[in-house]
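Source: prediction; values computed, not measured.
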Amino acid sequence: LDNNWTGQGVTVGVVDDGIFISAELEGQVDTARSRDFGGVQDANGKIVPRTGPDAIGDRTSTHGTAVASIIAAKNNGTGVQGLA
């Protein structure tokens, strides 16, 4: 950041559980390409893939969201700022 590197034009792939699109990640994540590689627990305790609007993750996708934020969170004056 001190060298004015912005990450503009850089694409980074992360294989993790999903991403919760917070204000810091809004517009930073290609939701058409994103998927939650974790899953959700069904009524029988089995882990099943996410589907529908939650296919990229939700509020329980804590690890993937943290990793994505380290990479790409906007410098918007709240929370964290990503490196790119």
**Request:** State, with a plain yes or no, whether a side-chain heavy atom of Gln28 is found less than 4.5 Å away from one of Ile71.
**Result:** no
**Check: Glu26 main-chain N/O paired with Lys74 side-chain donor or acceptor under 3.5 Å** = yes
**Message:** To check you understand the geometry: which heavy-atom pair defines the closest contact between Asp36 and Ser61, and what is its length?
**Reply:** OD2-OG, 3.9 Å
**Message:** Are the side chains of Glu24 and Gln81 in contact, using a 4.5 Å heavy-atom criterion?
**Reply:** no
**Request:** Sequence neighbours left out, what passes side chain to side chain contact (heavy atoms under 4.5 Å, CB included) with Asn4? Give chain and number order.
**Result:** none
**Euclidean distance, Ile56 CD1 relative to Asp17 CG, rounded to 0.5 Å** = 12.0 Å
**Prompt:** If you round to the nearest 0.5 Å, how far is CZ of Arg35 from CD1 of Ile19?
**Reply:** 11.5 Å
**Item:** Under the side chain to side chain contact (heavy atoms under 4.5 Å, CB included) test, residues paired with Arg59 that sit two or more places apart
**Value:** Phe20
**Asked** Backbone N or O of Trp5 within a donor-acceptor pair of the Asn3 side chain at under 3.5 Å?
**Response** no
**Request:** Kindly say whether Asn44 contributes a backbone atom to a donor-acceptor pair with the side chain of Asp42 at under 3.5 angstrom?
**Result:** yes
**Request:** Quick one: pull up OG in Ser69 and CG in Leu83 and give me the separation to the nearest 0.5 Å.
**Result:** 11.0 Å
**Prompt:** For Ala68 and Leu25, which heavy atoms make the closest approach, and how far apart are they?
**Reply:** O-CD2, 3.8 Å
